[in-house]
Amino acid sequence: MIELIFVIVILGILASVAIPRLAATREDAEISAAVANLRTLVSDATAYYTAKGEFGSNTKWNEITSVPLANANTNSNAVGTAATAKLKAGGKDCIGVHIVNKNGTTPAHIVFTKESGGSVCNQVQSADPIKAYFTSTVNGVETTSGTKGAVAIGSSTSVYGSATQPATGAQKGRTQR
């Protein structure tokens, strides 16, 4: 009988160590998935823009990417501020994204905005690859460093700077065609 009690105590100790680690692993997986989804979204938008040469005013999210986005069913528009979709993490809206077409010398770009979505969302937003999106700027686009950023897409991807290092004159004119 004493042996059985010792076995139960040992199993309880192992469970008290393993269960928190399992929860942390799940959270890490959600963060990694959100980072990968955002990178895929940027890559897909760049590929679409490169292939088509522009985003039509009626371009749908499902024509651009297969990344799951909240607030955007497969037939909703992807272009314009009214077309903001949300990338989810931990079951909460985490990052708002919308596409803006090229306008004069302002290149086509994706605008990213932080959403308040809890601890997993905060961890996603503070991940280095995601922070880079929030601190990126595009010439001619109003952003708020740290909470709203923009990334140029398509053939104009070298026409950008960061909040700490604006685009130089050489970068401004290099790829505008």
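None of the values given here were measured: they were computed from a predicted structure. In what follows, every heavy atom counts, from backbone to side chain, and hydrogens, waters and symmetry copies are set aside.
For the atom pair NZ (Lys92) and CG (Asn122), the distance works out to 11.0 Å, reported to the nearest 0.5 Å. For the atom pair Ser32 OG and Asn37 CG, the distance stands at 11.0 Å (nearest 0.5 Å). Here the CD atom belonging to Gln125 is positioned 11.0 Å from the CD1 atom belonging to Ile31, to the nearest 0.5 angstrom.
Val97 is not listed as a side-chain neighbour of Val111, based on a closest heavy-atom distance of 4.5 Å or more. Taking 4.5 Å as the limit, some side-chain heavy atom of Ile64 sits within range of a side-chain heavy atom of Ile99. Inter-residue side-chain proximity for Asn139 and Thr106 is flagged as unmet; no heavy-atom pair is nearer than 4.5 Å. The shortest side-chain heavy-atom distance between Val100 and Phe55 does not fall under the 4.5 Å cut-off. Put simply, the side chain of Ile95 does not reach to within 4.5 Å of the side chain of Thr113, judged on heavy atoms. Tyr133 places a side-chain heavy atom less than 4.5 Å from the side chain of Arg39.
The pair Lys102-Glu54 fails the salt-bridge criterion, with no side-chain N (NZ, NE, NH1 or NH2) lying under 4.0 Å from an Asp/Glu carboxylate O.
Asp44 meets the salt bridge (charged side-chain N to carboxylate O under 4.0 Å, His left out) test with no other residue; sequence neighbours excluded. For Lys131, the salt bridge (charged side-chain N to carboxylate O under 4.0 Å, His left out) partners two or more places apart in sequence, or in a different chain, are Asp128.
Lys114 forms a cation-pi arrangement with Phe134, by the criterion of a distance under 6.0 Å to the ring centre and an angle within 45° of the ring axis.
Between Cys121 and Glu115 the shortest heavy-atom distance is SG-O, 3.8 Å. The shortest heavy-atom contact between Ala34 and Lys88 is CB-O, 4.4 Å.
With hydrogens and angles disregarded, no donor-acceptor distance shorter than 3.5 Å links the side chain of Glu27 to the backbone of Val120.
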